[in-house]
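Bear in mind the structure is a predicted one, so any value in this text is a computation, not a measurement. So that the names make sense, note that chain A is the first sequence line, chain B the second, and so on, each numbered from 1.
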Amino acid sequence: MKKINNGNLLGISIKILLLGVLDAVVIWASTTLFLQTEYGFAAALIVGASLINYIFLNDRTYPLRYMVPGMIFLFAFVIYPIGYTFYISFTNYGTGHILNKKQAIRNIESQYFQPEDPVSYSFNAYKSEEGDMRVILKSRESEETLLTDGETIEKVDLTGDRFVDEDGDGVVDKFGGFHLMNRSEIIQSLQQLQEWKPEVNGSSIRMSSLNRFDQRIPQYEYLKEKDAIRDRKTGELFRPVEGTFTSTTSNRTLDPGFKETVGLKNFNRIFTDPLITGPFFRVFTWTFIWALLSVLTTFALGLGIALVLNDDKLYLKPLYKGLLILPYAIPAFISALIWRGFFNTNVGIINTKLMQPLFGLSPGWFQDPMLAKVAVLIVNLWLGFPYMMIVCLGALQSIQPEFYEVAKVDGASPWQQFKKITMPLLMISIAPLLIGSFAFNFNNFNIIYLVTRGEPPIVGATTAGSTDILISYTYKLAFGGQGATQYGLAAAISIIIFLIIGTISAINFHYTGALEEMSENV
Amino acid sequence: MYSLKSFGGKIWNWFFDRGFKHLIMLAILAFVLFPIAWIISASINPVGSLSAQRLIPENPTFQNYLLFFRGGAEQYDAPFLLWLWNSLKLSVLTGLLGTAMCALAAYAFSRFRFTGRRSGLLGLLLVQMFPQMLAMVAIYFLLLSIGDLAPWLGLNTHLGLLMVYLGGSLGFHTWLMKGFFDSIPHSIEESARVDGASHLQAFVRIILPLARPMLAVIFILTVITTYSDFILASILLQDTEQYTLAVGLQLFIFGSYNQRWGIFAAAALIGALPIVALFLSLQDQIVAGLTRGSVKG
């Protein structure tokens with residue numbers, strides 16, 4: 001290693017200062033995370049910050065300093081999320097299982113029920129000028145009187161000077177700025193009063209009608225040593241099973257559930273749950289067909305055009321090329337949204353200007369599964385062929401003209417020339433790009449989601465549609481907003497896509513030897 | 001003097017030689033250009049609905065473009081200009097910062113020999129094979145957690161989305177950049193080093209100016225990719241004012257194609273303009289890159 005001259009004092013001071021700021025921020029953030037029991041996250045931050053300190057304070061790691069900025073983002077937003085996706089795929093994360101166990105227990109423990117013979121209170125409500133409310137509760141069984149502001153509760157003695165009974169009817173009319181509310185005032189504030197749940201002796205007191213408050217007691221208690229929840233009302237015991245407290249004696253479960261690792265359950269569901277397996281395999285198959293047809297159609301058109309354009313004497317060639325490249329230059333989301341309008345069954349120009357006048361037909365492009373598939377393929381053809389045209393033109397130009405001259409001498413027909421010379425030579429450079437294009441279209445979310453949204457729906461499936469590909473299916477499961485959100489399942493499907501893409505890329509590398517070539521160039 | 005017969009024969013020959021190629025090209029141009037022609041015509045058609053479309057509109061106006069700049073008609077309340085600004089801001093920032101990070105890393109890979117260099121380079125190649133959007137669920141929860149800690153960096157913030165984009169922008173571009181640096185002879189900076197410049201100074205003052213063409217290509221490719229992103233922005237941004245054009249335009253038009261077609265057409269054209277311009281300005285480099293099998297698609 002070269003001896004690095006760290007140079008002037010100013011540079012060093014700035015470096016130390018910046019590292020100090022970084023460390024301070026990381027210490028603050030990791031402490032906060034630690035207190036929120038986000039241990040993994042906190043540890044990752046500390047490890048990352050220590051590495052950065054090491055790299056910047058050690059001469060031997062000088063080259064790594066250039067990589068720090070990029071690596072931070074690459075690790076935080078690409079590599080870590082990939083690992084985290086694996087973790088989520090082994091959990092039941094999703095609707096009903098969003099909270100962690102502690103939060104879920106707290107939530108369950110705050111569910112109350114009214115015992116058969118509750119302690120009952122009559123009440124009077126009071127309001128101050130500012131709109132604050134107080135309630136005085138009088139026990140029906142004893143002489144106990146309580147004063148509450150909705151949160152806290154205290155025993156009071158109504159005979160004290162504070163409480164003024166102006167008309168002598170035994171009801172306090174005023175105290176410390178609060179005045180008695182009449183019935184209609186109570187009704188106006190009903191909603192607020194019903195939300196009050198002051199607690200006394202472990203039970204909570206709630207409004208149960210316009211003239212009474214009743215005692216409620218917490219229905220569930222968490223037994224730490226047994227790691228189970230007991231129902232005080234029925235005595236039933238609930239044990240945590242895959243993120244849900246489930247009764248040991250009946251099939252009752254408690255809401256909410258909590259986030260828990262469930263092993264391979266999500267993957268099992270994909271292959272065994274009839275509600276998921278059917279739609280999943282239809283989506284899975286269509287993803288492959290879609291990617292394959294996308295490559296074939298765009299390649300066929302692109303190659304065809306390239307063959308026509310591969311003629312330097314062709315008049316207007318630059319103009320043709322320039323115009324034909326346009327669809328590729330327009331952002332795909334914009335073209336996709338435009339084409340969705342064109343395919344509109346009732347008013348889209350494909351039906352009104354083309355299908356109606358020519359064939360007298362008005363097909364429902366997005367209602368029929370087959371037509372919807374044709375529609376997305378047409379859109380993708382429009383968007384994708386210029387890429388194939390460009391790469392084919394490049395490849396055609398690199399074929400030596402001598403091959404054709406020799407072939408002509410031997411009397412080969414143009415078709416034979418194409419089959420025996422053009423295609424084999426073309427494929428050497430184009431085949432890896434076709435595989436790359438397959439992998440790209442395999443996850444071509446924009447076209448599918450923005451043209452059809454995956455619709456029309458598959459009969460009997462809740463989320464999946466006929467044109468959905470795996471990535472859009474994943475998106476809909478996690479963020480689609482229809483039905484229950486299933487992050488765990490979505491992550492499991494992401495993992496399956498990872499595996500498929502990984503395999504395709506491995507084949508590609510193997511086929512082209514690209515990895516070996518690149519590692520030699522390293 | 002040509003006889004009529006031989007003149008006809010010449011046309012015939014020309015047709016077989018070249019003419020049919022022009023016919024094919026015209027047919028394909030029709031397929032390629034008709035959507036563009038229709039959308040341009042829709043954008044200047046005073047009748048804004050899809051059903052009232054015709055290729056040559058009567059009484060063309062620019063009112064749809066005016067509506068775009070005024071944030072849509074009152075009943076739509078769609079801040080197009082803000083969305084466009086958000087998209088441009090995010091793509092340009094991702095482009096600038098991403099290119100800078102890329103160049104720094106590529107310089108180290110190109111000029112230094114250190115342990116982990118080889119595996120680092122191959123690792124980059126492997127990581128970039130997996131599109132970032134596959135980890136969308138994890139990225140969502142990552143930003144959710146970050147938001148608990150620092151709300152200005154979490155979900156629904158441009159800074160958060162920018163960080164996600166930066167993470168995804170490295171990958172292959174670092175390879176591209178490294179290849180370019182490799183082609184710059186070491187002797188150029190060596191002389192500067194002899195004159196007392198540090199590595200960083202040599203990099204900033206000598207290598208970067210020489211690499212300007214490559215920096216421009218990477219910058220523009222990053223801008224185009226970021227601008228066209230729909231999926232990550234739609235997951236991470238939640239408020240109308242935060243949307244990028246891709247997310248906003250999609251929500252604006254879905255389900256209301258017939259009524260909002262005219263103004264959508266204008267918005268789509270304005271939205272496509274910056275990217276088409278960038279693409280065409282760099283067409284030769286992009287085409288050269290595609291031919292080598294390296295970028296987009």
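Looking at every heavy atom in both residues, A:G502 comes nearest to B:F130 through N-CE2, 3.8 Å. Closest of all the heavy-atom pairs between A:A329 and B:V276 is O-CG2, 3.8 Å. Contact detail for B:L104 and A:P69: the closest heavy-atom pair is CD1-CG, 4.0 Å. The nearest pair of heavy atoms linking B:M129 to A:S505 is SD-CB, 3.1 Å. Pairing each heavy atom of B:A268 with each of A:I338, the nearest pair is CB-CD1, 4.1 Å. Across all their heavy atoms, A:P331 and B:S228 have their closest contact at CB-OG, 3.8 Å.
Of the atoms belonging to B:Q128, not a single heavy atom falls under 4.5 Å from chain A. Interface remark: A:L323 contributes backbone and side-chain atoms alike to the contact with chain B (heavy atom separation under 4.5 Å). Within the 4.5 angstrom heavy-atom criterion, only side-chain atoms of A:K353, from C-beta onward, approach chain B. Heavy atoms closer than 4.5 Å to chain A are found in the side chain of B:F254, but not in its backbone. Proximity to chain A (any heavy atom under 4.5 Å) is restricted, for B:I253, to the side chain, taken from C-beta onward. Heavy atoms of A:T474 lying under 4.5 Å from chain B belong to its backbone as well as its side chain. Interface residue A:I88: only side-chain heavy atoms are found under 4.5 Å from chain B. Contacts between B:F264 and chain A at a heavy-atom distance below 4.5 Å involve the side chain alone, from C-beta outward. Heavy-atom distances place the side chain of B:Q132, and not its backbone, under 4.5 Å from chain A. Both the backbone and the side chain of B:L166 come within less than 4.5 Å of a heavy atom of chain A. Only the side chain of A:Y93 comes within contact range of chain B, with heavy atoms under 4.5 Å apart. Using a 4.5 Å cut-off between heavy atoms, B:L170 touches chain A through its side chain atoms alone. Only the side chain of A:F333 comes within contact range of chain B, with heavy atoms under 4.5 Å apart. Both the backbone and the side chain of A:I305 have a heavy atom closer than 4.5 Å to some heavy atom of chain B. Neither the backbone nor the side chain of A:Y87 comes within contact range of chain B; no heavy atom of the residue lies under 4.5 Å from a heavy atom of that chain. With a 4.5 angstrom heavy-atom cutoff, A:N443 touches chain B via backbone and side-chain atoms both. Contact of B:L124 with chain A is made through the side chain alone, with heavy-atom distances under 4.5 Å. Proximity to chain A (any heavy atom under 4.5 Å) is shown, for B:P35, by both the backbone and the side chain. Contact of B:L143 with chain A is made through the side chain alone, with heavy-atom distances under 4.5 Å.
Checked by atom type, the side-chain pair A:Y449/B:S234 shows no donor-acceptor distance below 3.5 Å.
By the 30° and 60° cut-offs, the orientation of the rings of A:F385 relative to B:F31 is tilted. Taking the six-membered ring for Trp and thresholds of 30 and 60 degrees, A:Y487 and B:F141 have ring planes more than 60 degrees apart, a perpendicular arrangement.
The residue among B:S110, B:A108, B:A246 with the most heavy atom pairs within less than 4.5 Å of chain A is B:A246. Comparing B:I139, B:L142, B:L280 by how many heavy-atom pairs each has under 4.5 Å with chain A, the most go to B:L142. Ranked by heavy-atom pairs under 4.5 Å with chain A, the first of B:D229, B:L278, B:L200 is B:L200. Heavy-atom pairs under 4.5 Å with chain B peak, among A:L326, A:L307, A:T61, A:L337, at A:L337. Among the candidates A:R453, A:K313, A:M71, the residue making the largest number of heavy-atom pairs closer than 4.5 Å to chain B is A:R453. Counting heavy-atom pairs closer than 4.5 Å to chain B, the top residue among A:N344, A:I82, A:N446 is A:N446. The most heavy-atom pairs under 4.5 Å with chain A, out of B:I28, B:I235, B:L97, come from B:I235.
Heavy-atom neighbours of A:K321 NZ from other residues, nucleotides or ligands within 6.0 Å: at or below the threshold of 12.
The distance between the ring centers of B:F114 and A:Y62 does not fall below 6.0 angstrom. Note: B:H22 and A:Y320 meet the aromatic proximity criterion, with ring centroids under 6.0 Å apart. Ring centroid separation for the pair A:W339 and B:Y257 does not come in under the 6.0 Å cut-off. Remark: aromatic rings of B:F109 and A:Y66 are distant, center separation not under 6.0 Å.
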- request: Decide side chain to side chain contact (heavy atoms under 4.5 Å, CB included) for B:M25 and A:L324; before the verdict, give the C-alpha distance in whole Å, the side-chain angles of both, and the deciding distance to 0.1 Å.
  value: CA-CA 9 Å; B:M25 280 303 119; A:L324 290 178; 4.0 Å; yes

message: Is there a side chain to side chain contact (heavy atoms under 4.5 Å, CB included) between A:I330 and B:F279? Walk through the geometry before answering.
response: CA-CA 9 Å; A:I330 299 173; B:F279 187 95; over 6 Å; no

task: Take A:T85 and B:V137, measure what side chain to side chain contact (heavy atoms under 4.5 Å, CB included) needs, and give me the verdict at the end.
output: CA-CA 7 Å; A:T85 306; B:V137 177; 5.9 Å; no

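Of the inter-residue distances, the one linking A:R65 atom CZ with B:H199 atom NE2 reads 11.0 Å to the nearest 0.5 angstrom. With rounding to the nearest 0.5 angstrom, the CG atom of A:L64 is 7.5 Å from the OG1 atom of B:T115. Rounding to the nearest 0.5 Å gives a distance of 8.0 Å between CD1 of A:I497 and CE of B:M133. Atom-to-atom distance recorded for A:L450:CG and B:Q250:CD is 6.0 Å, nearest 0.5 angstrom. Note that the CG atom of B:L134 and the CD1 atom of A:I471 stand 4.5 Å from one another [nearest 0.5 Å]. With rounding to the nearest 0.5 angstrom, the OG atom of B:S145 is 8.0 Å from the CG atom of A:L33.
For B:Y107, the side-chain hydrogen bond (donor to acceptor under 3.5 Å, both in side chains) partners two or more places apart in sequence, or in a different chain, are B:E189.
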Would you mind writing out the side-chain donor-acceptor pairs for residues 73-80 of chain A within the sub-3.5 Å range, not counting sequence neighbours?
none

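A:W382 contributes a side-chain N or O that, together with a main-chain N or O of B:V32, makes up a donor-acceptor pair within less than 3.5 Å.
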